[in-house]
Amino acid sequence: MIDAGLADQKIHAFFSQPGRDFNHNKISALRSANRSSLPPPATRAELQAFLDDWVVYPPHSYFWYYCSDQGSFGDAWLVEYRFHPVGQGMLHSGELRQGRRQPFTWIYDCGSITAAAQVESELDALCAVRNAAPGSKPSLDFVALSHFDSDHISGLVHLLGLFEVKMILLPFLQLWQRFWIAASTDDLDENFLRFLVDPANYLRGVDGGGEARIVFVPPSADEPPPAPDASPPEGPRGEFDDRPMKLRLETERVPDVVGGEIPGVTGQRLSEAEFLKVGSVLDIDGLWEFVPYNDAHQAKRCPTGFPATVEPLIKTLLDANHPTDRKKAQDALKAHYDTTFGSSAYRRNIISLFLYGGPVPAPAEAYFETGETQLGNMVWQHKPDRSRLSATHFSMLFTGDGSLNSGARRTEFEKFFTPYGRLDKASVFQVMHHGASGNSSPEVAALVAPRASIFCSDPSKGQKHPDADVLRQFWPYNCIQVDDAVGWLMLGVFVF
């Protein structure tokens with residue numbers, strides 16, 4: 001391992017385990033020792049076989065265990081990205097740690113249309129390994145939803161019952177956009193309709209959702225967020241730092257009357273939610289940030305007067321008490337949308353909240369492990385890291401079902417994320433809409449140039465995404481399939 005160029009911290013990860021701490025000083029001594037009297041080193045082939053067969057046990061690798069619980073790296077930050085195997089859908093969980101501090105945790109999307117039960121199973125397993133105190137729920141600092149289709153939110157109610165969620169981050173969709181989803185949904189049930197009528201009110205009424213802070217992300221401005229503050233953090237450092245991680249963001253109260261809502265019918269509780277202030281980001285201790293992007297391109301394409309014409313059809317659907325009447329009203333609503341926008345689901349699906357997450361200043365050092373997870377098991381198997389993640393390239397960028405298939409959308413996306421190096425650092429990239437052709441273009445892969453291209457889909461069912469042309473576009477950028485059997489995990493440790 002020494003001769004192959006592995007750093008001390010990485011070597012240490014393979015030989016330390018709970019109950020047996022392999023002193024890293026032995027590695028340093030071995031580097032400088034005369035090894036002529038020692039047994040010959042392993043061959044390159046033997047070393048690679050060892051690395052390929054290395055299996056890590058729950059909930060974290062030995063590398064992770066010693067950095068966090070044993071304090072081997074007092075000032076080190078640790079990050080976990082986990083893409084769960086949920087078929088045609090999306091469930092990502094993440095965690096940020098430093099020393100003895102309470103970890104910062106998040107989830108982006110939690111749904112599936114081919115394996116809904118697996119979403120709940122994965123959430124159950126995640127809840128179990130978070131090790132909450134008896135009688136309490138493990139906390140989630142925020143849950144972000146890209147959009148409101150069932151393959152991205154079907155597990156939300158179950159999630160709220162398991163975790164203490166501090167904040168729910170939602171893209172703000174106008175009423176006509178929300179009911180475009182209702183018009184196109186098969187087997188529209190009452191609960192989903194109530195959610196689309198008033199997302200904030202519905203979430204407040206769900207078990208576990210009453211205490212969550214509801215924050216809507218309005219359409220993003222033409223200008224990018226301001227430059228991040230790269231000044232050093234304040235307060236104690238090292239193993240005695242037990243301060244809670246502080247999440248900072250700027251919000252505005254939602255007006256009592258929101259344009260496009262039907263007074264007294266929809267948006268009754270919007271005033272109890274908040275709007276993220278345009279240009280604001282989610283900042284953690286000035287060292288990590290989340291940057292949401294709500295593409296307003298689709299809203300701009302709404303014909304003048306369309307919201308007014310669709311309002312009576314929405315009222316008719318809401319007033320329907322009998323299933324037959326509801327289906328008739330839904331069909332009429334769908335016909336109106338199809339006449340205006342066409343019958344393809346593409347335009348509806350491109351409404352999506354992008355989310356960037358990564359360090360603000362570039363770490364001085366960073367080390368990474370990647371591996372696969374199996375359905376229903378938080379165990380993960382180490383794989384050789386071919387992603388080339390580095391201290392300057394390990395930020396993540398989620399796209400939900402968003403679209404970058406046109407020059408105008410790519411230009412706006414690039415203008416938003418390129419300043420201050422965010423797009424350049426976005427190296428773990430969730431490919432749009434499960435790898436559907438209609439949401440991508442040959443220019444996207446080269447524009448982002450990720451080091452890990454994540455496809456969250458079920459190639460054997462439904463639309464059988466990803467499409468072959470999208471795979472070809474991202475093939476030079478380390479394509480990783482997350483399906484209904486295999487997930488993907490990245491663990492990183494970094495120091496500033």
Review point. Do H147 and I181 have side-chain heavy atoms sitting under 4.5 Å apart?
Key: no
Exercise for review: Without swapping roles, check the side chain of S440 against the backbone of V470 for a donor-acceptor pair under 3.5 Å.
Suggested key: no
Study note, to complete from the structure: Taken to the nearest 0.5 Å, the spacing of R248 CZ from E250 CD works out to 10.5 Å
Review point. What do the steps show when you test F179 against L317 for side chain to side chain contact (heavy atoms under 4.5 Å, CB included), and what is the final call?
Key: CA-CA 10 Å; F179 271 79; L317 177 59; 4.0 Å; yes
Practice item. Spell out, as yes or no, whether a donor-acceptor pair under 3.5 Å connects the side chain of Q88 to the backbone of K461. Key: no
Exercise for review: Decide yes or no for V157 and N191: does some side-chain heavy atom of the first lie under 4.5 Å from some side-chain heavy atom of the second?
Suggested key: no
Practice item. Look at the aromatic rings of F195 and Y202 and report parallel, tilted or perpendicular, splitting at 30° and 60°. Key: perpendicular
Check your understanding: Counting distance only, does the side-chain N/O of R213 pair as donor-acceptor with the main-chain N or O of A273 below 3.5 Å?
Key -> no
Exercise for review: Carefully, step by step, assess L156 and V206 under the rule side chain to side chain contact (heavy atoms under 4.5 Å, CB included).
Suggested key: CA-CA 10 Å; L156 180 59; V206 171; over 6 Å; no
Check your understanding: Under 6.0 Å between the ring centres of F494 and F496?
Key -> yes
Revision key, fill the gap. To the nearest 0.5 Å, atom CZ of R194 lies from atom CG of D189 at 10.0 Å
Exercise for review: Kindly check if the number of other-residue, nucleotide or ligand heavy atoms within 6.0 Å of CD (E223) is above 12?
Suggested key: no
Check your understanding: What is the ring orientation for Y293 with F354, classed by angle as parallel under 30°, tilted 30 to 60°, or perpendicular over 60°?
Key -> perpendicular
Exercise for review: Write down the atom of L423, the atom of T418, and the distance for their closest heavy-atom approach.
Suggested key: CD2-OG1, 3.5 Å
Point to revise | Non-hydrogen atoms of D141 and P103 that approach each other most closely | key: OD2-O, 3.8 Å
Check your understanding: CG of L203 to CG of D198: how many Å apart, nearest 0.5 Å?
Key -> 9.0 Å
Practice item. Quick one: do V278 and E252 satisfy side chain to side chain contact (heavy atoms under 4.5 Å, CB included)? Show the steps, please. Key: CA-CA 9 Å; V278 174; E252 301 172 327; over 6 Å; no
Point to revise | M167 vs L247 side-chain heavy atoms within contact, under 4.5 Å | key: yes
Review point. Just by modelled atom types, is the S139 backbone N or O under 3.5 Å from a matching donor or acceptor in the T105 side chain?
Key: yes
Review point. Between F398 and F83, how do the two ring planes meet: parallel, tilted or perpendicular, split at 30° and 60°?
Key: tilted
**Study point:** Check: N294 and P292 side chains under 4.5 Å, non-hydrogen atoms
**Key:** no
Point to revise | Sub-6.0 Å ring centroid separation between Y477 and F429 | key: no
Review point. Would you call E80 and L489 a side-chain contact if the rule is heavy atoms closer than 4.5 Å?
Key: yes
Point to revise | G400 backbone acceptor or donor facing Y108 side chain under 3.5 Å | key: yes
Study note, to complete from the structure: From the list W77, F368, Y367, ring-ring contact (aromatic ring centres under 6.0 Å, His included) with F394 holds only for F368
**Study point:** Sidechain-backbone polar pair: S457 side chain, H465 backbone, donor-acceptor under 3.5 Å
**Key:** yes
Review point. How about Y420 and P226: do any of their side-chain heavy atoms sit closer than 4.5 Å?
Key: no
Check your understanding: If every non-hydrogen atom of Q374 is compared with every non-hydrogen atom of E122, which pair is closest and at what distance?
Key -> O-OE2, 4.5 Å
Check your understanding: Side chains of T251 and S280: closer than 4.5 Å at any heavy-atom pair?
Key -> no
Exercise for review: List the steps, then state whether side chain to side chain donor-acceptor pair (under 3.5 Å) holds for D458 with H434.
Suggested key: CA-CA 8 Å; D458 192 334; H434 320 291; over 6 Å; no
Point to revise | Atom pair NE2/CZ of H433 and F455 - distance to nearest 0.5 Å | key: 13.0 Å
Review point. Between D124 and H158, what is the shortest heavy-atom contact and its length?
Key: OD1-NE2, 2.8 Å
Practice item. I would like to know whether S136 and E164 meet side chain to side chain contact (heavy atoms under 4.5 Å, CB included); could you show each step before the answer? Key: CA-CA 9 Å; S136 64; E164 180 186 332; over 6 Å; no
Practice item. Apply the side chain to side chain contact (heavy atoms under 4.5 Å, CB included) test between L91 and each candidate in L123, D109, L126; give the one that qualifies. Key: L123
Review point. Is the number of heavy atoms from other residues, nucleotides or ligands under 6.0 Å of Q481 CD greater than 12?
Key: yes
Revision key, fill the gap. So the side-chain hydrogen bond (donor to acceptor under 3.5 Å, both in side chains) pairs with at least one residue in residues 483-496 (sequence neighbours excluded) are none
Review point. Checking R451 side chain against R388 main chain: does a donor-acceptor pair fall under 3.5 Å?
Key: yes
Revision key, fill the gap. With sequence neighbours left out, the residues meeting salt bridge (Lys or Arg N to Asp or Glu O under 4.0 Å) with R101 are D241, D285
Review point. Short question: side chain of N439, backbone of G402 - any donor-acceptor pair under 3.5 Å?
Key: yes
Review point. Is it true that E95 and R130 have a side-chain N and a carboxylate O under 4.0 angstrom from each other?
Key: yes
Exercise for review: Look at K415 together with E412 and state whether they make a salt bridge at an N to O cut-off of under 4.0 Å.
Suggested key: yes
**Study point:** Backbone N/O of F417 and side chain of R422: donor-acceptor pair under 3.5 Å
**Key:** no
Study note, to complete from the structure: In short, L193 meets A182 closest at the heavy-atom pair CD1-CB, 4.4 Å
**Study point:** Rounded distance [0.5 Å steps], OG in S93 versus CZ in R82
**Key:** 6.0 Å
Check your understanding: Would you say L355 and F142 make side-chain contact, with heavy atoms under 4.5 Å?
Key -> yes
Exercise for review: Could you tell me whether the side chain of S121 and the main chain of V119 form a donor-acceptor pair under 3.5 Å?
Suggested key: no
Point to revise | CG-CZ distance between D283 and F290, expressed to the nearest 0.5 angstrom | key: 10.5 Å
Point to revise | Considering all heavy atoms, the nearest P228-V360 contact | key: CB-CG1, 3.3 Å
